[in-house]
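Since the structure comes first, as structure tokens, the remarks are kept for the end.
These numbers come from a predicted model, not from an experiment. Nothing fancy with the numbering, it's 1 onward along the sequence.
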Amino acid sequence: MIECSGAGDRSVSPSDADIQRVPAPAHEEAPSSETSETGENIDIEQRLVRYAQMMRSRDLLILEARASGISESRIAKLMGHSRTTVRAALASEQ
């Protein structure tokens, strides 16, 4: 166990010590978005495409981590996802 000193003087296991806690981003006002001739929201479509790309890269990272020997539960903990999410990403490539 790694001893942490300070307020509370509690012990932290090495598996928890290397996980950085990142605060959730503050909600911003939705940017004004353009609409196409058909009335589609261009900004939201671009954001959806970027999200889909991020999800694909997330799944690839999960696969890479598992191939290097990291357990499903450890991957889930480090990424902040449920083990079910990790399992689904792993199953999608089998």
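- Side-chain contact check for R83 versus K77: every heavy-atom pair is 4.5 Å or farther apart.
- The environment of R87 atom CZ is dense: over 12 non-hydrogen atoms of other residues, nucleotides or ligands sit within 6.0 angstrom.
- Although no hydrogens or angles enter the test, the distance criterion places a donor-acceptor pair under 3.5 Å between the side chain of R66 and the main chain of I70.
- Inter-residue side-chain proximity for M79 and T85 is flagged as unmet; no heavy-atom pair is nearer than 4.5 Å.
- Atom CZ of R56 and atom CD of Q53 lie 6.0 Å apart (nearest 0.5 Å).
- The line from CG of L61 to CD1 of I75 is 8.0 Å long, rounded to the nearest 0.5 Å.
- Closest of all the heavy-atom pairs between L63 and A89 is CD2-O, 4.1 Å.
- Cluster annotation: I62 and L78 are assigned to distinct hydrophobic clusters (Ile/Leu/Val/Met/Phe/Trp/Tyr, side-chain heavy-atom contacts under 4.5 Å, transitive).
- Using a 4.5 Å heavy-atom cutoff, the side chains of R47 and D43 are in contact.
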